[in-house]
Amino acid sequence: FDEMNNTIVASVPPICRVHHRTTPPNSSGSKKNQQEAVNSSKSSSISGCESIIRFLTLPRQAGVVLLLEFLNSFRILGLRFVLFNYVTNEYGISDTYAGKLLGIKGMVDVIFGLVGSILVDLIGVRKVSIVALTVAIIGRSLLAFGRTNTTLIAALLFFSPCGEAMLSMGLYRVALKKLTTPLTRPLAFAVSYAASNLSGALADVAIDRMRSLVKDLEIDRNLLVLSGVYTPIRQFIVLTWIVLLITFVIAFCFLRDETVVDADDPDPSNQLPSPSAQRSHRLGDDIFDDEYRENGPSADSHATMPLDAIPARPIVSPRMLKKIFPNQFPVVHSPEDEEATREQGQLSNHRKTRRLSALPHYKVYKTPSTRECNNHESHTMTCFIGNPINGIVHVINQIFKIAAIINTWQVMVFGVSCCTIAMQWTASEVVLPPFLERRYGEHIAIYTIQSINLFGGLILPPVVGALTTGTEDFQIVMPGLWIMASSPIFLALFPNVLGACMWQIAMTVGEVLWSPRQDSWTAGLAPSGMEGLFFAIGSARSLLSPLGDMAMGILNEKYNTNCPDCRDQYGHFCQYLSVENDVLQCVSVQESCDLFLSVENDNTVPTCPKTCLECATWEATNPSIFWFMLMAFSMSSPLAVWFFLPFLRGHHARNDGCYGIFKMSTKRILGILGVVDDCISYEYIEESEMRATHEEGVIVAGKE
């Protein structure tokens, strides 16, 4: 003990002040842990400007993935925003039935999402994306142009899960993880998060603009499938169908399975063996030497490149970076020019002194799929088709392997703990739009109010990601969880438009602190080669989301009832008065309603209902009860995360107070606000060495 730190006396308890998973300096512990310590120290030392520059020099394929994420989010989020109103208004479905339908859809989404996650690891991102988009086109066509409950159920319960759930479970997150390094990953995922929120915000704005400016479109019956009335909401769904077609074209033409590698910023989960055991990228062939199987990556493994790695074309060229950041680099030249001159032996000493040492030189190689069927003799998908038993056994083995990793359980615990706070997103999509429309009419900019959260998610995550680079994850996550959990108080106290805006603002502030950071944290824990399945397991809270959809439908009908007697079959309010033959009848923009009025005794002309509050047959409810209930449920999430915080941080061994969960100290209590408990037991150090060796044996060598 004294050899590790002479300043510590023997009477001090066996703990050390270390923030990262490291071994003592003179220890012969896992080299993987030592490399993680190096990466952590690098991460904490880079500036926000350098973080941005590193991100902009990532391969262009990362830009393709972010573009696909943007388009994918536009159509998926846009549909989620309007779906509840769409099925209740245009198909005459009650709130409770709609909640059950969406709940069942959520369950099927989880199943297909898990299948898609397994397929991502087996056959790659590109193939899964193209297949899923093809099926999604069929489902969205039924939803946009179908008119019967049969087409609605087929679209929601089969084609939509089979196509869109595969894309939303984390397909592009897997691709982005492979295209980033540890230093660029937090900002890259923050940008991905911002791109998703930008698309959602634009979808919200587009919905409201179409609701206010676009009239119902009626297509002649001679066009058969396309005939019928297209309300602004249905026209928006047609717009998402067009976006889906564009997404398919981009994915088919430009999406590739690639992995980035940087000699100066190695990924501990994807390190390569020593030069004597360089990786062969023949199908189904991974070569490792005995030393690598036993001890993991060597100290110089970060310098080893795959044989087929080539220089990556950056998102922004070095010359453009010179113009954007003129004070960062005195001389800028492209890596291609430098490589060419080096090959010709014409790189002068003067040029060498002016080299861009601060810019990373990324290389990319084709991502090999997981192929472990029939002794590596055939493609995995062929194994599934020709020998399904071996395919099923392979998948089960993958699940058992990933279940043996402590990182998996950390991500699952965090995901389940955040189930209740995630119900706020469901409430924002399912409850808020009908709440505002039924109480304040069709003219209210419902989805613009909802877009406050998305515009905040667009602007703030990159800023927070750049400013908090190197900060311990849960120092950011815990305050964010508390802010978001308490945000429904505004709508509970002020159940009106102002309260809705205040809720969206407070929820956004909390969300941008914890949600993007969780994605980056999860990506950093994902084992190489099994990212798809790992991300699916990391989305454990999605297993309970169907129950949230069902609950929202029931609570919506109880505390935010509809008024079908004062609305037409398309959901329009019967707000216009029609006088014909001295008969006063209320009509909507589309048709006449079965709502007749009579002149009062004082000869005042009656008015037709513009909201449910003005509907004579509507039963008044107290919506504040629902929002108080939502806040109470949300509070359980930060409490649960705090309870498991020592386990999530991974600073304690299993026999050290059950991963530190039951060890009490001042910092353990202050951890409820994100304070770092920097006491790492030596039992953890010993166990981490054994676990690192075991994980490398399971994941890299494929055997314990």
Side-chain angles (χ1 to χ4, degrees), residues 77-103 105-106 152 156 200 203-204 207-208 210-212 231-234 236-237 423-453 488 491-492 494-501 503-504 507 548-575 588 609-615 617-630:
L77 293 178
L79 178 62
R80 283 167 50 184
F81 296 154
V82 302
L83 187 56
F84 191 86
N85 267 354
Y86 182 64
V87 299
T88 54
N89 291 343
E90 300 216 13
Y91 289 87
I93 295 176
S94 67
D95 289 351
T96 301
Y97 184 79
K100 292 179 180 179
L101 183 63
L102 297 183
K105 176 184 179 297
L152 175 67
L156 293 182
D204 272 330
I207 295 169
D208 266 339
M210 295 179 73
R211 289 174 66 243
S212 61
T231 62
I233 297 298
R234 186 179 285 270
F236 174 77
I237 294 180
M423 291 179 65
Q424 290 197 33
W425 293 323
T426 305
S428 181
E429 298 164 4
V430 174
V431 179
L432 185 63
F435 167 77
L436 293 174
E437 184 179 74
R438 294 172 184 179
R439 290 180 174 270
Y440 300 101
E442 295 181 72
H443 67 283
I444 293 295
I446 300 171
Y447 300 98
T448 301
I449 295 173
Q450 193 181 65
S451 70
I452 294 174
N453 173 257
L491 200 48
F494 310 102
N496 50 37
V497 176
L498 177 61
C501 294
W503 172 47
Q504 292 289 307
M507 180 175 67
D549 291 332
M550 295 181 181
M552 291 298 166
I554 296 173
L555 295 174
N556 208 22
E557 188 159 1
K558 183 175 179 62
Y559 297 107
N560 184 37
T561 55
N562 200 359
C563 51
D565 294 339
C566 298
R567 309 180 76 169
D568 66 12
Q569 62 174 323
Y570 303 104
H572 298 302
F573 280 100
C574 304
Q575 56 185 318
S588 68
K610 298 179 180 179
T611 67
C612 285
L613 298 176
E614 300 174 2
C615 184
T617 59
W618 181 71
E619 296 181 3
T621 57
N622 184 7
S624 294
I625 298 176
F626 169 80
W627 301 109
F628 275 121
M629 293 172 59
L630 181 63

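- Asp568 and Ser588 form a side-chain donor-acceptor contact under 3.5 Å, judged by distance and modelled atom types alone.
- Atoms CD1 and CG, from Ile444 and Leu436 in turn, are 7.0 Å apart once rounded to the nearest 0.5 Å.
- Atoms CG and OH, on Leu152 and Tyr91 in that order, are 5.0 Å from each other to the nearest 0.5 Å.
- Contact check for Glu437 versus Leu432: no side-chain heavy atoms found under the 4.5 Å cut-off.
- For the atom pair Phe628 CZ and Asn622 CG, the distance stands at 9.0 Å (nearest 0.5 Å).
- With contacts defined as side-chain heavy-atom distances shorter than 4.5 Å, the pair Thr611/Arg439 does not qualify.
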Query raised in the report: Hey, mind stepping through Asn562 and Arg567 against side-chain contact (heavy atoms from CB on, under 4.5 Å) and telling me if it holds?
Result: CA-CA 9 Å; Asn562 200 359; Arg567 309 180 76 169; 3.0 Å; yes
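- In the displayed structure, Tyr97 atom OH is contacted under 6.0 Å by at most 12 heavy atoms of other residues, nucleotides or ligands.
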Report task. Any chance you could lay out the side-chain contact (heavy atoms from CB on, under 4.5 Å) test for Val431 and Trp627, step after step, and finish with the verdict? Result -> CA-CA 10 Å; Val431 179; Trp627 301 109; 4.0 Å; yes
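- Distance CG/Asp204 to CD/Gln450: 4.5 Å, rounded to 0.5 Å.
- The nearest pair of heavy atoms linking Met552 to Val430 is CB-CG1, 3.9 Å.
- In this structure, the side chain of Asn89 does not engage the main chain of Tyr570 through any donor-acceptor pair within 3.5 Å.
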Query raised in the report: When you look at Cys612 and Cys566, which way does the disulfide bond (SG atoms under 2.5 Å apart) test go after all the steps?
Result: CA-CA 7 Å; Cys612 285; Cys566 298; over 6 Å; no
Requested in this report: Carefully, step by step, assess Met629 and Leu555 under the rule side-chain contact (heavy atoms from CB on, under 4.5 Å).
Outcome: CA-CA 10 Å; Met629 293 172 59; Leu555 295 174; 4.2 Å; yes
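- Between Phe84 and Asn556 there is a side-chain heavy-atom pair separated by less than 4.5 Å.
- Heavy atoms only, all atoms of each residue included: Asn560 and Arg438 are closest at O-NH1, 2.6 Å.
- Between Leu498 atom CG and Trp503 atom CH2 the span is 14.5 Å, to the nearest 0.5 Å.
- How far OH of Tyr447 is from CD1 of Ile207: 6.0 Å, rounded to the nearest 0.5 Å.
- Looking at heavy atoms from C-beta onward, Glu614 lies out of side-chain contact with Phe573 at the 4.5 angstrom threshold.
- Ser428 places no side-chain N or O within 3.5 Å of a backbone atom of Gln424 that could act as its donor or acceptor partner.
- The nearest pair of heavy atoms linking Gly78 to Ala203 is CA-CB, 4.0 Å.
- Side-chain contact, Thr96 with Glu557: a donor N or O sits under 3.5 Å from an acceptor N or O.
- Among all heavy-atom pairs drawn from Gln504 and Ile449, the shortest one is CG-O, 3.6 Å.
- Under the 3.5 Å distance criterion, with hydrogens and angles disregarded, no donor-acceptor pair is assigned to the side chains of Thr426 and Arg80.
- For the pair Lys610/Glu442, no side-chain contact is recorded, criterion being any heavy-atom separation below 4.5 Å from C-beta on.
- In this structure, the side chains of Pro433 and Val82 stay at 4.5 Å or more apart for every pair of heavy atoms.
- In plain terms, the two heavy atoms of Val87 and Ala98 that are nearest each other are CG2-CB, 4.0 Å.
- A heavy-atom distance below 4.5 Å is not found between the side chains of Asn496 and Leu491.
- A salt bridge does not link Lys100 to Asp95: none of the charged side-chain nitrogens sits closer than 4.0 Å to a carboxylate oxygen.
- Looking at Thr88, its side chain does come within 3.5 Å of a backbone N or O of Asn85 through a donor-acceptor pair.
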Query raised in the report: Does the pair Thr231 and Glu90 meet the rule for a side chain to side chain donor-acceptor pair (under 3.5 Å), with working shown?
Result: CA-CA 9 Å; Thr231 62; Glu90 300 216 13; 2.2 Å; yes
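- In this structure, the ring of Phe626 has its center no less than 6.0 angstrom from the ring center of Phe435.
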Requested in this report: Kindly indicate, with the supporting measurements, whether the criterion side-chain contact (heavy atoms from CB on, under 4.5 Å) is fulfilled by His443 and Arg211.
Outcome: CA-CA 8 Å; His443 67 283; Arg211 289 174 66 243; over 6 Å; no
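- Residues Phe236 and Leu79 approach most closely at CE2-N, 4.4 Å, considering heavy atoms.
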